[in-house]
Amino acid sequence: MPLMLGKGASGARGDDTKTLKSAVLKWLVPRGQVVIPPLSRSIKSDHGFNHEVTGVLLCPAGLDWSNAETKEGLKSSETTVHGDQWPVFLYAGYEYDPEDPWKGLLRSKILIFGYKHVFTSPSSVDKEPKATRSGNAYLHSMKSVTQAFLAYIAMQACKFDFTCLPPLIVPLGAVFAKLLVKDPDECEEVADLMTWWTHCIFPNSSSSQCSISKNSALSKIWEKCAALQERAATNAN
């Protein structure tokens, strides 16, 4: 049974990657525009830092792609990109604020489109559903976005959208996992992020509209997070 489940999960990931291949190319530039020069769906040698459009989106947050030295260092691999240096395309508007690194994190258009493409339906990306069959979200009674599914889409984007950078994949996965598991220090930010995602993807879901019930298990978890955070701050002083 575990082997069969593993094969099923692997097959599902493969299907998601395959269906995203052509879709992603349409999301790199505003609707109605085309990527120049064109990008191949199957050949990645011209992706990543070797292409102006993908390079600026893949550039680690905090670095300036418009700087010639920075750009050349990334292209030649002289500049090493670590797993905790997230690409700017993960941020809303593809803009990173060093004074507020949480601002817009994991709220980008590409991630939203990717989530809708995989879990609701490809046509829902354009807000005009034309699917002839039910999407994964409907089939599995999904009413809210979870940390696990968000991390999955972020990893799919990092793995395929722009380039193949094997050294990045595992470290990024570990960092996403740590970030999205409610670390006491980031509890409020993660809760706000997941509420935002649920409202964005499932606006009519009760999960996106109702407030947290008093004395519920979730409220107790958040209270514990807050208490741990306060205790840590006290000990630091």
Side-chain angles (χ1 to χ4, degrees), residues 16-17 19-41 44-67 70-71 73-75 77 79-119 122 125-126 145 147 149-177 179-180 189-190 193-194 196-197 200-201:
D16 290 340
T17 300
T19 61
L20 283 170
K21 280 187 176 181
S22 58
V24 164
L25 297 179
K26 302 175 184 177
W27 305 336
L28 299 179
V29 293
R31 189 169 301 168
Q33 298 183 21
V34 295
V35 177
I36 301 175
L39 285 166
S40 170
R41 299 179 184 179
K44 294 187 177 181
S45 59
D46 60 348
H47 290 206
F49 299 129
N50 294 318
H51 194 288
E52 189 65 26
V53 172
T54 54
V56 69
L57 295 176
L58 188 65
C59 183
L63 297 185
D64 183 5
W65 177 255
S66 64
N67 180 282
T70 297
K71 183 183 299 186
L74 291 170
K75 284 184 176 181
S77 298
T79 299
T80 302
V81 180
H82 300 281
D84 59 353
Q85 291 178 284
W86 298 336
V88 75
F89 82 85
L90 294 178
Y91 283 85
Y94 313 132
E95 294 183 357
Y96 167 69
D97 182 356
E99 299 300 322
D100 185 6
W102 260 106
K103 183 179 179 181
L105 178 60
L106 297 175
R107 304 188 190 205
S108 73
K109 178 183 69 176
I110 285 178
L111 294 185
I112 295 171
F113 288 174
Y115 194 101
K116 287 184 175 182
H117 186 93
V118 171
F119 292 110
V125 171
D126 297 320
V145 177
Q147 291 97 317
F149 286 134
L150 177 54
Y152 174 75
I153 289 299
M155 284 303 304
Q156 280 282 0
C158 289
K159 182 169 65 174
F160 170 75
D161 283 5
F162 308 111
T163 186
C164 44
L165 293 173
L168 269 178
I169 302 307
V170 174
L172 270 175
V175 173
F176 282 143
L179 174 68
L180 293 176
E189 288 83 356
V190 173
L193 174 67
M194 302 318 301
W196 181 90
W197 266 95
C200 180
I201 304 297

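In this structure, Leu193 and Leu105 have side chains that are not in contact, with every pair of non-hydrogen atoms separated by 4.5 Å or more. Proximity of Ser66 to Val56: side-chain heavy atoms (C-beta onward) are nowhere separated by under 4.5 Å. Within the 4.5 Å cutoff, the side chain of Ile110 has no heavy atoms near those of the Val24 side chain. You'll find the side chain of Ile112 reaches within 4.5 Å of the side chain of Cys200, heavy atoms only. You'll find the side chain of Val35 reaches within 4.5 Å of the side chain of His51, heavy atoms only.
Here Glu95 pairs with nothing under the salt bridge (charged side-chain N to carboxylate O under 4.0 Å, His left out) rule; sequence neighbours left out.
Aromatic ring centres of Phe89 and Tyr94 lie farther apart than the 6.0 Å criterion allows. Aromatic ring centroids of Trp86 and Tyr96 lie 6.0 Å or more apart.
By the neighbour-count criterion of 12 heavy atoms within 6.0 Å, atom NZ of Lys109 is densely surrounded, having more than that number from other residues, nucleotides or ligands.
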field: Working for ring pair (Phe, Tyr, Trp, His ring centres under 6.0 Å), residues Trp197 and Tyr115
entry: CA-CA 10 Å; Trp197 266 95; Tyr115 194 101; 5.6 Å; yes
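Closest heavy-atom contact between Asp97 and Lys103: OD2-CD, 4.0 Å. Across Leu74 and Val81, no two heavy atoms sit closer than the pair CD2-CG2, 3.7 Å.
A cation-pi arrangement, defined by a distance under 6.0 Å to the six-membered ring centre and an angle within 45 degrees of its axis, is present between Arg107 and Trp196.
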